[in-house]
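One is the number of the first residue; the rest follow in order along the sequence.
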Amino acid sequence: MQGASHTAWSPASPCTAASPLTLVSASAPAHPGLPFPADPARGFCVPAGTWLLYLPCTWSIGLAAEPGCLPDWRLLSLFGVGAVLMRGAGCTINDMWDRDYDRQVARTASRPLAAGDISTFQSLVFLGGQLSLALCVLLCLNYYSIILGAASLSLVVTYPLMKRITYWPQLVLGLTFNWGALLGWSAIKGSCEWSVCLPLYFAGVMWTMVYDTIYAHQDKKDDIMIGVKSTALQFKEDTKQWLSGFSLAMLLSLCVAGMNCNQTFPYYSAVAAVGAHLAHQIYTLDIDKPENCWKTFASNRTVGILLFIGIVLGNLWKQKDLKNVEDPSENR
């Protein structure tokens, strides 16, 4: 999600479908006395990008649950609020870095900063509010998680710069977007179990490489025109081969994470379903049709939800296995 596109921090909203949702709707003019546009409620329409930020958190929270137990709904809710706030902060930061680029492209020229509806100072005030609220969410966690969560801020701030210096900004986005795969586990357990968290984190990074490369193909012509880089421009006609490799790496990493936390049949069934979904995405992808790229990109929410369901069911299945171990007479 590069250049003229708004990156995964703010892909096109399902509510608007046509244009990306930035920190607010471009059609909502700024009120002259306020440091934000007059209709901020439009910014709460949950876009695909918020789901893609949130879902790795749910995987980690689900895997960390006790055998036979559902995930902690309070932490799921807390991380949901955090995902909305941090995704919004990422949108604001990205708009601030990219305002000069956005002015050069018709599709993004009407964004509030690019259009001059709000000033850089007003954006900083708005960003300060978003980060302050996100900090309140973070402070609800244990000390280990507070430090771990704060460590991700450098990635959030620097990611938008990567498309200026490397053809692999999607990799940095993956490192940023999947931090919740580490944070969810530590929020429950008090620290990370690296034999589980690292493979899960790596799987998320590979997933991001898949969906964000697909997204970047929507704007490759504009990216060339304004001089920014992406994996879409790097891979070109070899994109499907690269996506296949990333998908395979994701699936293998999920299997490693599952084995290291004693996951069960429903989990691996979900991993297989994820693999089938990714294979369908790659097979049907047309990198030269933006509409097809958007549809394929947006379908990745289903991938994340499938895996979460598999994790929850796999954890419930663990209780059945424990009962069989405790009372082997039932198997006679």
Pairwise side-chain contact, [X] with [Y], heavy-atom cut-off 4.5 Å (strictly under):
X: L173; Y: M162; value: no
X: K229; Y: T166; value: no
X: F308; Y: L76; value: yes
X: N300; Y: Q281; value: yes
X: T208; Y: L171; value: no
X: N262; Y: P67; value: no
X: D286; Y: E291; value: no
X: I282; Y: F246; value: no

For the backbone of [Y] and the side chain of [X], can you confirm whether one donor and one acceptor N or O come within less than 3.5 Å of each other?
X: D72; Y: I61; value: no
X: T284; Y: H280; value: yes
X: W179; Y: L153; value: no
X: S60; Y: C57; value: no

Please report the interatomic distance [atom1]([X]) to [atom2]([Y]), rounded to the nearest 0.5 Å.
X: Y211; Y: Q170; atom1: OH; atom2: CD; result: 10.5 Å
X: S191; Y: L182; atom1: OG; atom2: CG; result: 12.0 Å
X: M86; Y: L138; atom1: CE; atom2: CG; result: 9.0 Å
X: L139; Y: I146; atom1: CG; atom2: CD1; result: 5.0 Å
X: C261; Y: Y267; atom1: SG; atom2: OH; result: 6.5 Å
X: I224; Y: D219; atom1: CD1; atom2: CG; result: 11.0 Å

Checking M209 against W168 for the side-chain contact (heavy atoms from CB on, under 4.5 Å) test, could you report, in this order, the C-alpha distance in whole Å, the side-chain angles of both residues, the deciding distance, and whether it holds? CA-CA 9 Å; M209 292 297 297; W168 292 80; 3.5 Å; yes
For P71, which of L63, T58, V312 qualifies under side-chain contact (heavy atoms from CB on, under 4.5 Å)?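 Going through the options one by one, the only one that passes is V312.
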Any donor-acceptor pair under 3.5 Å linking the side-chain atoms of [Y] with those of [X]?
X: H277; Y: T302; result: no
X: T92; Y: S123; result: no
X: K318; Y: N315; result: yes

Might you point out which heavy atoms bring [X] and [Y] nearest each other, and give the distance in Å?
X: G314; Y: P266; value: N-CB, 3.7 Å
X: K236; Y: H217; value: O-CE1, 4.1 Å
X: G68; Y: L316; value: O-CD2, 3.5 Å
X: L307; Y: A270; value: CA-CB, 4.4 Å
X: C293; Y: Q218; value: CB-CG, 3.6 Å
X: L70; Y: A65; value: O-CB, 4.1 Å

Start with the C-alpha gap between N260 and E193, add the side-chain angles, then the distance that decides, and say whether side chain to side chain donor-acceptor pair (under 3.5 Å) holds. CA-CA 9 Å; N260 288 340; E193 174 58 58; over 6 Å; no
Before you tell me yes or no, could you show the steps for D222 and M225 under side-chain contact (heavy atoms from CB on, under 4.5 Å), namely the whole-Å CA-CA distance, both residues' side-chain angles and the distance that decides it to 0.1 Å? CA-CA 5 Å; D222 288 328; M225 180 184 72; 4.0 Å; yes
Kindly determine whether I93 and Y159 satisfy side-chain contact (heavy atoms from CB on, under 4.5 Å), including the steps that lead there. CA-CA 9 Å; I93 293 168; Y159 159 69; over 6 Å; no
Determine all donor-acceptor pairs shorter than 3.5 Å in which one atom belongs to a side chain in residues 197-205; sequence neighbours excluded.
{"unit_1": "Y201", "atom_1": "OH", "unit_2": "L175", "atom_2": "O", "d": "2.6"}

Hey, is D288 close enough to K220 for a salt bridge, meaning N to O under 4.0 Å?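 Counted as a salt bridge, because a side-chain N and a carboxylate O are separated by less than 4.0 Å.
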Group every Ile, Leu, Val, Met, Phe, Trp and Tyr by side-chain heavy-atom contacts under 4.5 Å, then state whether [X] and [Y] land in the same group.
X: I147; Y: V156; answer: no
X: I165; Y: Y167; answer: yes
X: W73; Y: I311; answer: no

May I have the step-by-step check of side-chain contact (heavy atoms from CB on, under 4.5 Å) for C192 and L148, ending in yes or no? CA-CA 10 Å; C192 286; L148 183 64; 3.9 Å; yes
If you count heavy atoms of other groups shown closer than 6.0 angstrom to NZ of K189, is the number above 12?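 Enclosed.
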Suppose clustering is done on Ile, Leu, Val, Met, Phe, Trp and Tyr with side-chain heavy atoms closer than 4.5 Å. Which residues sit in the same group as L252?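 In the cluster with L252 are L248.
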Please work out whether the ring planes of W242 and F235 are parallel, tilted or perpendicular, with thresholds of 30° and 60°.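 It falls in the parallel class, under 30°.
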